[in-house]
Amino acid sequence: MPELPEVETICRALRDELTGARIRRLDLHARGLRHPFPEGMADCVRGKRIRRIERRAKYILMHLDGGDVLLCHLGMSGRMAIHATIPAERGRHDHVIFTLADGRGLIFSDPRRFGSLELTHETRLEDHPRLAPLGPEPLGNHFSAATLSRALDGRRTAIKQALLDQKTVAGLGNIYVCEALWRSGISPLRQAAGLTESEVADLHGHIRAVLLDAIAAGGSSLRDYRRASGEMGYFQHDFAVYGREGEDCQRPACPGSIERIAQAGRSSFFCPRCQH
DNA sequence: CTACCATCCTGGTTGC
DNA sequence: TGCAACCAGGATGGTA
């Protein structure tokens, strides 16, 4: 479910609340979600302190004592919530429960079970099969108009598809791709390699801008997403196109209305009047 | 490379 | 009101 801004919002809250906390125990109430939980994960993390929490693409990385790293992906419906105490009754989709030494709980729940929780080590983090293929962080220094241009070079697939591909740039999903393309005035149907240099430069800037705007709003709360504190994000009110099929285009003086089409089985929302 | 398909699951919404 | 169809923010591996 969550895309980069939602994961970033959750990550910041977890970082504020959990850095330095010690894990008393980890209880797994499933064999795994998208992937099986690693053998011995609960034993490995027991008693360790959470040293540092960071985000890579849509993954939450929790660095523990000894260099072990928990790699968590929320999939489409995953939630991470901090509780002052462990609730007496386990929720239907609470698959992973961390009990901290101070009595608090961190609960990973995921109705659709597309999320994942894996264990690796700092020394081989970048080689991890989930992380190794990822493209640059869109808000990082290695993502520039030039690197985006290079990533799109020679790709005959639609720009919509190319941007959803995590190898092009990491962390975008359906919502923010639609929004960035609208802000850029570029049709999702355009061939990726066919964008002009100036269009790529616009797109690069708008990808960053829409992500920063969404992070500033605490992410977007559609069905499942909540911040780690349980609060909603608010960026869904600022969508220009996502989920706005039939509504008037918000671009000043544009008489168009938002259309929805399917690309590779996913919905694309755009204004055919001002996105070329 | 590319397009396309299926798959992992559950739950909310829509339409009859 | 009931029920079935459809839809969903993702990632991956297979096929042609």
Side-chain angles (χ1 to χ4, degrees), chain A residues 1-11 29-37 55-60 71-80 91-96 108-118 128-135 138 150-181 188-194 210-211 214-215 217-227 232-239 241-246 260-269:
Chain A
M1 166 269 304
E3 304 183 29
L4 186 150
E6 291 74 39
V7 178
E8 177 64 23
T9 301
I10 291 169
C11 211
H29 298 280
R31 290 207 176 151
L33 297 169
R34 187 177 206 300
H35 308 288
F37 296 134
R55 178 189 59 72
R56 171 73 173 111
K58 299 171 195 168
Y59 290 91
I60 298 167
L71 189 62
C72 177
H73 195 294
L74 301 175
M76 289 175 83
S77 59
R79 273 199 218 179
M80 278 283 200
R92 186 156 146 65
H93 303 294
D94 296 348
H95 308 300
V96 176
F108 179 16
S109 53
D110 182 10
R112 271 185 87 185
R113 307 174 69 110
F114 283 12
S116 63
L117 183 65
E118 296 174 281
H128 191 280
R130 313 268 172 261
L131 304 185
L134 296 173
R150 205 175 317 136
L152 299 177
D153 189 38
R155 300 184 67 175
R156 293 192 297 166
T157 192
I159 186 63
K160 169 76 187 306
Q161 286 313 110
L163 293 176
L164 282 176
D165 183 346
Q166 303 295 298
K167 293 193 269 299
T168 306
V169 51
L172 298 180
N174 207 26
I175 291 176
Y176 297 105
V177 168
C178 290
E179 295 298 317
L181 287 170
L189 295 163
R190 286 278 295 285
Q191 189 174 295
V210 73
L211 294 175
I215 291 169
S220 304
S221 286
L222 300 182
R223 304 179 176 82
D224 307 298
Y225 170 74
R226 291 294 181 282
R227 305 169 68 159
M232 314 269 285
Y234 294 98
F235 192 71
Q236 66 277 13
H237 303 299
D238 296 331
F239 291 165
V241 290
Y242 187 82
R244 298 198 181 277
E245 182 182 15
R260 167 190 180 141
I261 59 170
Q263 289 183 278
R266 316 278 309 270
S267 291
S268 292
F269 296 89

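Just so it is clear: chains get the letters A, B, ... in the order the sequence lines come, proteins before strands, and each one is counted from 1.
Of the candidates B:dG11, C:dA8, C:dT12, B:dG11 carries the atom nearest the A:His93 side chain, counting heavy atoms from C-beta on. Of the candidate nucleotides C:dA8, C:dT12, B:dT10, C:dA8 has the atom lying nearest to any side-chain atom of A:Arg260.
By the 4.5 Å heavy-atom criterion applied to side chains, A:Asn174 and A:Tyr242 are counted as neighbours. A:Leu211 places none of its side-chain heavy atoms less than 4.5 Å from the side chain of A:Glu8.
Listed pair A:Ser77 / C:dA8 fails the phosphate criterion, with no side-chain N or O lying under 4.0 Å from OP1 or OP2. Taking side-chain N and O atoms only, A:His73 has a distance below 4.0 Å to OP1 or OP2 of C:dA11. In terms of phosphate contacts, A:Lys58 brings a side-chain nitrogen or oxygen within less than 4.0 Å of OP1 or OP2 of C:dA11. Contact annotation: A:Arg266 side-chain N/O to C:dC7 OP1/OP2 distance is not under 4.0 Å. In this model, the phosphate group of C:dG9 is approached by a side-chain N or O of A:Tyr242 to a distance below 4.0 Å at OP1 or OP2.
A:Glu118 places no side-chain N or O within 3.5 Å of a backbone atom of A:Phe37 that could act as its donor or acceptor partner. Checked by atom type and distance alone, the side chain of A:His95 pairs as donor or acceptor with a backbone atom of A:Asp110 at under 3.5 Å. Looking at A:Thr168, its side chain does come within 3.5 Å of a backbone N or O of A:Ala162 through a donor-acceptor pair.
Between the C1' atom of B:dC5 and the CD atom of A:Gln263 lies a distance of 17 Å, rounded to the nearest Å. Across the protein-nucleic acid pair, A:Asn174 atom CG and C:dC7 atom P stand 14 Å apart, rounded to whole Å. At whole-Å resolution of the value, NE2 in A:His35 and P in C:dT12 are 6 Å apart. Between the CD atom of A:Glu245 and the P atom of B:dT13 there is a distance of 17 Å, given to the nearest Å. Remark: P of B:dC1 and CD of A:Gln191 are 15 Å apart, rounded to the nearest angstrom. A:Gln161 has its CD atom 9 Å from the P atom of B:dC4, to the nearest Å. We find that CG of A:Asp165 is positioned 13 Å from P of C:dG10, with the value rounded to whole Å. In this structure, the CZ atom of A:Arg79 is 18 Å from the C1' atom of C:dG10, given to the nearest Å.
Atom CD of residue A:Glu245 and atom CD1 of residue A:Ile261 lie 11.0 Å apart, to the nearest 0.5 angstrom. Expressed to the nearest 0.5 Å, how far CZ of A:Arg130 lies from OG of A:Ser116 amounts to 6.5 Å. Rounding to the nearest 0.5 Å gives a distance of 7.5 Å between OG of A:Ser267 and NZ of A:Lys160. Here the straight-line distance linking atom CZ of A:Phe235 with atom CD1 of A:Ile175 works out to 9.5 Å at 0.5 Å rounding.
Residue A:Gln166 is classed as a sugar-phosphate contact, given heavy-atom separations below 4.0 Å to backbone atoms only. A:Ser116 comes within contact range of no nucleotide atom at all, as no heavy-atom separation falls under 4.0 Å.
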Pairs under 3.5 angstrom, nitrogen or oxygen only, protein versus nucleotides 7-9 of chain B, please.
from  : atom 1 : to       : atom 2 : distance (Å)
B:dC9 : O2     : A:Arg112 : NE     : 3.3

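Taking the P atom of each, B:dC5 and C:dC6 are spaced 16 Å apart, rounded to whole Å. Atom name P, nucleotides B:dA6 and C:dC7: the rounded distance is 14 Å, in whole Å.
For DNA chain B, the stems formed by at least three consecutive Watson-Crick or G-U pairs, with both atom-pair distances below 3.5 Å, span B:2-8 with C:10-16, B:10-16 with C:2-8.
Of the candidates A:Ile159, A:Leu172, A:Val177, A:Thr157, A:Val177 is the only one forming a side-chain contact (heavy atoms from CB on, under 4.5 Å) with A:Leu164.
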